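Below is one structure; the comments refer to it alone.
Position 1 is the first residue of the sequence; numbering continues from there. Keep in mind it's a predicted model, so treat the numbers as computed, not measured.
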Amino acid sequence: MEDRRQDSARQAALDYHEFPRPGKLEIRATKPMANGRDLARAYSPGVAEACLEIKADPSTAARYTTKGNLVAVISNGTAVLGLGNIGALASKPVMEGKAVLFKKFANIDCFDIEVNELDPVKLAEIVCALEPTFGAVNLEDIKAPDCFIVEEICRERMNIPVFHDDQHGTAIVVGAAATNALRIAGKRFEDIKIVSTGGGAAGIACLNMLLKLGVQRQNVWLCDIHGLVHEGREIDMNPQKAAYAQPSDKRALAEVIDGADLFLGLSGPGVLTPEMVGRMASRPIIFALANPNPEIDPEAARAVAPDAIIATGRSDFPNQVNNVLCFPFIFRGALDVGATTINDEMKIACIEGIAALARATTAAEAAAAYRGETLTFGADYLIPKPFDPRLMGVVSSAVARAAMETGVATRPLEDMTAYKQKLDSSVFRSAMIMRPVFEAAATTERRIVFAEGEDERVLRAANAMLEETTDVPILIGRPEVIAMRAERAGLPIRPDVDFQIVNPENDPRYRDYWETYHGLMARRGVSPDIARAIMRTNTTAIGAVMVHRDEADSLICGTFGQYSWHLQYVRQVLARDGLHPVGALSMIILEDGPLFIADTQCHNDPTPQQVMETVVGAARHVRRFGLTPKIALCSHSQFGNTDSYSGRKMRDALAMLDAREADFMYDGEMHVDAALDPDLRERIFPGSRLQGVANVLVFAGTDAASGVRNALKMRAAGLEVGPILMGMGNRAHIVTPSITTRGLLNMSVLAGTPVNHYG
């Protein structure tokens, strides 16, 4: 059975690399190449202009070429992780994988370069000759001590960052994990004894970094396959090892482990025994990083020292020391300021950023990616997970700042806050488009009540509101359930301390609420008994009553259940004083910008009047995002070419808009392709009042609108903000069950900015 599973996993891995196209990378053009004009600009004669600019000022290469965002991943395949010296060609899948990680985590482009050269000096000369092509070099999987020689030569000769990730990437992540482990154990770098096994490139780099963090040289005991590295030893020595030689007559790991605070293993399986762990200091820290099998199994270590703090190199144990936490983001920061090197200050800034993130509240996106794991700072959560989206903004900006402060940045940034926002927006695609709304929300304080307060997404959104906005969350749900789920999710917030709770099962306002609801609905078939039952069980109705009674400013509901079900209670309680649901507007953030879709939920078959109101409401909401509305009324008919039902409806709505003398750009009726392709629209209907690409599509029915919305989300990787319930004066918004925590935060901020009736 086990053999079959291994064979299946092996075949799956091979298929992953072979299909649908061999390999993991491709090259794509970033500029149009559709006609002769494009060709003339991309190549001859237009390309000469860029060449001459760079010849006159080499720094402009970052403006006119990909150099400023291009990294070389270079290896000779002599020390591939877990595989050893497999040669340059066989290392190519690993190097392609490294390039994919650069792109995935930091949007850095890479060329993987595998070199058949075993002489470290000649290899360094080859790398140095590549400097005109790249903004930085990532050396990878080169055996020790050759890697030290290659990196030293390249750093001396090249004016771009050269970074051997096996050394420094591992050292940085180990430094971050050690920083937090010592904090938990109540110890200091200056006081601890370290025993390390390995002596290779990564091991030496980790020890060098720990010295920079405060560890005393005399407190470091390095062992390798030949035993303790001691003064006078001649076998298998190099200058890097010799720097850690101890003046001691002890010779074996077992002789030096007594009283060790930190064991750092980068060697092989079974090196550290449970008996040795028992002789370490109290609250021992064990970093058993050998792959695939660590120096000691974590359970075996804990059997001897239950309070041990343990990290490994494996993803199936807590605290995986993974270089991907470091290298994409340190390169991102270095490239963005045109750094000439990656110095110690930049590495330490990276360590501090990674460590601080683990101590902060876990990102909802990371929690979703690692569902079922407890991501709360502590012995089992020393460092963030690789898919924590905050790494880019926090770590890269810290690295960039350190580069500028130490004078190695050739393109220093003027506004670090704006730079971090730009980094965040590249991860949180809604961040940039939502910025005007966040800024508007910061000028006021509004009370937002969440109907489904027990949902973990709501809890995380409430926590984010408290951290990022001035709004006040109110959660409807059972206090004990909310407290338990907040604690399980690793959130610091607690009921009735950080936010108000409304308990449907036992709230002192219960009588006031059911009497209010009955008063509103008495002539619509709701008896006192029904009102009492609804106020015990229907959290959407409770939230709506709270807004009606001015105990909250806005309601957010819909994380489960059908949209129309929630809408009926919003209508019953809040559709008063001129307010009524006009339509649901969804903003879909696509690769080339946002596209608004309406009405996706409210009116299955809207009247022309309702279509007109939807258009007006959409225009007002689009402006909230700092955008100019360009609205297309979409139907099966195109500028009167078909006498269809949807076409007649849109023509009537168009006439109503004309009568209002609307102050925004709109036109119809038209097909979606004409709305999004100005050239096509001009051929079909020259002189349309709609100029450029439409950014709002209003449809004649929810079937079409919802279908387009879902297609863009699922097939075009569109990110939705919304649905925004228009026409209710921001007093209620109904989301959909697919919404994420970030989506709920965005909706809470939208709810936190007052608008007029049609908004």
Could you give the distance from [atom1] ([X]) to [atom2] ([Y]), rounded to the nearest 0.5 Å?
| X | Y | atom1 | atom2 | answer |
| --- | --- | --- | --- | --- |
| I342 | I330 | CD1 | CD1 | 4.5 Å |
| F148 | H164 | CZ | NE2 | 8.5 Å |
| M158 | I153 | CE | CD1 | 12.0 Å |
| L423 | S396 | CG | OG | 5.5 Å |
| N116 | L89 | CG | CG | 7.5 Å |
| T78 | I86 | OG1 | CD1 | 10.0 Å |

Find out whether [X] and [Y] are in side-chain contact, i.e. whether some heavy atom of one side chain is under 4.5 Å from a heavy atom of the other.
| X | Y | result |
| --- | --- | --- |
| T133 | K67 | no |
| E18 | L14 | no |
| N322 | V173 | no |
| L382 | I184 | yes |
| F317 | I310 | no |
| I286 | M280 | yes |
| H168 | E151 | yes |
| I113 | V115 | yes |

For [X] against [Y], the heavy-atom pair lying closest together:
| X | Y | value |
| --- | --- | --- |
| S196 | L207 | CB-CD2, 4.0 Å |
| L413 | A400 | CD1-CB, 4.4 Å |
| N238 | P145 | ND2-CB, 4.2 Å |
| P328 | A106 | O-CB, 3.3 Å |
| A339 | M346 | CB-CE, 4.1 Å |
| L123 | I142 | CD2-CD1, 4.0 Å |

One pair to check against side chain to side chain contact (heavy atoms under 4.5 Å, CB included): T197 and F263. What are the steps and the verdict?
CA-CA 8 Å; T197 60; F263 170 81; 3.6 Å; yes

Would you say [X] has more than 12 foreign heavy atoms packed within less than 6.0 Å of its [atom1]?
| X | atom1 | answer |
| --- | --- | --- |
| I225 | CD1 | no |
| R217 | CZ | yes |
| E414 | CD | no |
| R183 | CZ | no |

Run E345 and V408 through side chain to side chain contact (heavy atoms under 4.5 Å, CB included) and show every step you take.
CA-CA 11 Å; E345 291 82 358; V408 299; over 6 Å; no

Without swapping roles, check the side chain of [X] against the backbone of [Y] for a donor-acceptor pair under 3.5 Å.
| X | Y | answer |
| --- | --- | --- |
| R283 | D307 | yes |
| S91 | A88 | yes |
| E190 | Q216 | no |
| K193 | A281 | no |
| Q320 | G313 | yes |
| Q246 | Q218 | yes |
| T66 | N69 | no |
| R411 | L335 | yes |
| N85 | A79 | no |
| S397 | K420 | no |

Salt bridge present between [X] and [Y] (N-O < 4.0 angstrom):
| X | Y | value |
| --- | --- | --- |
| R251 | E255 | no |
| K55 | E53 | no |
| D191 | K187 | no |
| D112 | K103 | no |
| K122 | E117 | no |
| D236 | K241 | yes |
| D224 | R233 | yes |

Tell me whether the rings of F105 and F387 are parallel (<30°), tilted (30 to 60°) or perpendicular (>60°).
tilted

Output a table of donor-acceptor pairs, distance under 3.5 Å, between side-chain atoms of residues 93-100 and any protein atom two or more places apart or on a different chain; print 'none' if there are none.
from : atom 1 : to   : atom 2 : distance (Å)
E96  : OE1    : K24  : N      : 3.1
K98  : NZ     : E140 : OE1    : 2.5
K98  : NZ     : E140 : OE2    : 3.2
K98  : NZ     : D165 : OD2    : 2.8

Any chance the side chains of [X] and [Y] put a donor and an acceptor closer than 3.5 Å?
| X | Y | result |
| --- | --- | --- |
| N159 | T340 | no |
| T341 | N343 | no |
| N319 | R314 | no |
| Y244 | N208 | yes |

Could you walk me through whether F331 and F163 pass the ring-ring contact (aromatic ring centres under 6.0 Å, His included) check?
CA-CA 9 Å; F331 273 93; F163 186 85; 5.6 Å; yes

Could you tell me which residues satisfy ring-ring contact (aromatic ring centres under 6.0 Å, His included) with F327, sequence neighbours excluded, listed by chain and number?
F102

Begin with the C-alpha distance, continue with both residues' side-chain angles, and end with the deciding distance and a verdict on side chain to side chain contact (heavy atoms under 4.5 Å, CB included) for V71 and D109.
CA-CA 6 Å; V71 168; D109 295 318; over 6 Å; no

Which is it for C206 and L266 under the side chain to side chain contact (heavy atoms under 4.5 Å, CB included) test, yes or no, and what are the steps along the way?
CA-CA 10 Å; C206 289; L266 293 116; 4.3 Å; yes

